[in-house]
Chemist: 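What follows is a single structure, and I will ask about it in a moment.
Computed over heavy atoms, backbone and side chain alike; hydrogens, waters and symmetry mates excluded.
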Amino acid sequence: MNAKEYLSQAIWLDQMIDSKLEQLATLKSLAMKVTSSFTKEKICGGNIEKSKMESTMVKVIDLENEINADIDRLVDLKKDIQDTINMMDDINQQLLLELRYLSGKGWDEIAASMGYDPRTVYRIHGKALKEFERMKLCQ
């Protein structure tokens, strides 16, 4: 895995968490619409069906656990990325990588905040990726 692929994991994982949070909100909204049904329990064997409310709540809890695991992974990944960025010498490269991969900023926004034209930002980015990869290999 090269430096860009490694760094991009943070962006993708962050977007995946956002997507799952949207799914969770939808699922919780649907859970509020589920009504309990009162049926007789089966006495002589067979499978007892779970209520729709119980099934929905299990799905909500499973998705919440999945989101929490993803958040833990993201926090660990961002800390590792930040630690490697902090070892770099060039402050412009550090700032660019932080803005792009830790803050998820777009290229135009990065160029504006750094006071550079986009081509300069791309040039700095290329150098920063090489330096990041070198620093990562030294760890």
Chemist: I'd like to know if Met87 and Ile124 are part of one continuous hydrophobic network [Ile/Leu/Val/Met/Phe/Trp/Tyr, side-chain heavy atoms within less than 4.5 Å].
Modeler: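 Ile124 and Met87: one cluster.
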Chemist: Counting C-beta onward and ignoring hydrogens, is there a side-chain heavy-atom pair between Met1 and Gln9 closer than 4.5 Å?
Modeler: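 They are in contact (side-chain heavy atoms under 4.5 Å apart), so the answer is yes.
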Chemist: Do the non-hydrogen side-chain atoms of Met114 and Leu99 ever get within less than 4.5 Å of each other?
Modeler: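 Side chain of Met114 against side chain of Leu99, heavy atoms only: contact under 4.5 Å found.
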Chemist: Should Arg134 and Glu131 count as an ion pair when the cut-off is N to O under 4.0 Å?
Modeler: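 Glu131 and Arg134: salt-bridged.
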Chemist: Which atom names give the shortest non-hydrogen contact between Ile67 and Leu24, and what distance separates them?
Modeler: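 Where Ile67 meets Leu24 most closely, the heavy atoms are CD1-CD2, 3.9 Å.
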Chemist: For a quick test of reading the model, state the closest non-hydrogen atom pair linking Lys20 to Asp70 and the distance between them.
Modeler: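 Distance-wise, the nearest heavy atoms are NZ-OD2, 2.6 Å.
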Chemist: Once you round to the nearest 0.5 Å, how far does CG of Asp108 lie from CG of Asp117?
Modeler: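 Reported value, rounded in 0.5 Å steps: 11.0 Å.
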Chemist: Between Phe132 and His125, is the gap from one ring center to the other below 6.0 Å?
Modeler: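 No, the ring centres sit 6.0 Å or more apart.
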Chemist: Has the side chain of Ser8 got a donor or acceptor atom that lies under 3.5 Å from a matching backbone atom of Lys4?
Modeler: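 Pair found, side chain donor or acceptor close to backbone of Lys4.
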Chemist: Honestly curious: do Ile17 and Leu27 fall in one hydrophobic cluster under the side-chain, below-4.5 Å linking rule?
Modeler: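 Same cluster: Ile17 reaches Leu27 through Ile, Leu, Val, Met, Phe, Trp or Tyr contacts under 4.5 Å.
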Chemist: Checking the side chain of Arg100 only, and the main-chain atoms of Lys105 only, is there a donor and an acceptor separated by less than 3.5 Å?
Modeler: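 Yes: the side chain of Arg100 pairs with the backbone of Lys105.
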Chemist: Does CH2 belonging to Trp107 count more than 12 external heavy atoms closer than 6.0 Å?
Modeler: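 Atom CH2 in Trp107 is packed in, count exceeds 12.
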Chemist: Under 3.5 Å, side chain of Thr120 to main-chain N/O of Tyr116, donor-acceptor pair present?
Modeler: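 Here the side-chain-to-backbone pair does not exist.
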Chemist: Which heavy atom of Asn92 sits nearest to which heavy atom of Asp90, and what is that distance?
Modeler: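 Nearest heavy atoms, Asn92 then Asp90: N-OD1, 2.8 Å.
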Chemist: Do Tyr101 and Asp14 come close enough that some side-chain heavy atom pair is under 4.5 Å?
Modeler: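 Sidechains of Asp14 and Tyr101: no contact.
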Chemist: Would you call Met16 and Arg73 a side-chain contact if the rule is heavy atoms closer than 4.5 Å?
Modeler: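 A side-chain contact under 4.5 Å exists here.
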Chemist: Are the charged groups of Glu64 and Lys28 less than 4.0 angstrom apart, N to O?
Modeler: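 Here Glu64 pairs with Lys28 in a salt bridge, since their nearest N and O are under 4.0 Å apart.
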Chemist: Donor-acceptor pairs under 3.5 angstrom involving side-chain atoms of residues 74-85: please list them, not counting sequence neighbours.
Modeler:
| unit_1 | atom_1 | unit_2 | atom_2 | d |
| --- | --- | --- | --- | --- |
| Lys78 | NZ | Leu102 | O | 3.0 |
| Lys79 | NZ | Asp83 | OD1 | 3.4 |
| Lys79 | NZ | Asp83 | OD2 | 2.9 |
| Asp80 | OD1 | Lys136 | NZ | 3.2 |
| Asp80 | OD2 | Tyr6 | OH | 2.1 |
| Asp80 | OD2 | Lys136 | NZ | 2.5 |
| Gln82 | NE2 | Asn86 | OD1 | 2.9 |
| Gln82 | NE2 | Glu98 | OE2 | 2.8 |
| Thr84 | OG1 | Asp80 | O | 3.1 |
| Thr84 | OG1 | Gln139 | NE2 | 3.0 |

Chemist: Using side chain to side chain contact (heavy atoms under 4.5 Å, CB included), reason through Leu97 and Met88 one step at a time and then give a plain yes or no.
Modeler: CA-CA 10 Å; Leu97 292 180; Met88 297 170 66; 3.7 Å; yes
Chemist: Rounded to the nearest 0.5 Å, what separation is found between the CD atom of Glu66 and the CD atom of Gln23?
Modeler: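 Glu66 atom CD to Gln23 atom CD measures 8.0 Å (nearest 0.5 Å).
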Chemist: Do the non-hydrogen side-chain atoms of Gln93 and Lys127 ever get within less than 4.5 Å of each other?
Modeler: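 Gln93 reaches Lys127 side chain to side chain.
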Chemist: Look up atom CG in Leu7 and atom CH2 in Trp12, then write down how far apart they are to the nearest 0.5 Å.
Modeler: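 Reported to 0.5 Å precision, the distance equals 14.0 Å.
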Chemist: Within the structure provided, determine whether Asn2 and Leu129 are in side-chain contact (heavy-atom separation under 4.5 Å).
Modeler: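 Sidechains of Leu129 and Asn2: no contact.
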Chemist: Assigning hydrophobic clusters by single linkage (Ile, Leu, Val, Met, Phe, Trp, Tyr; side-chain heavy-atom cutoff under 4.5 Å), is Ile11 placed with Leu96?
Modeler: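 Yes; Leu96 is reachable from Ile11 via cluster members.
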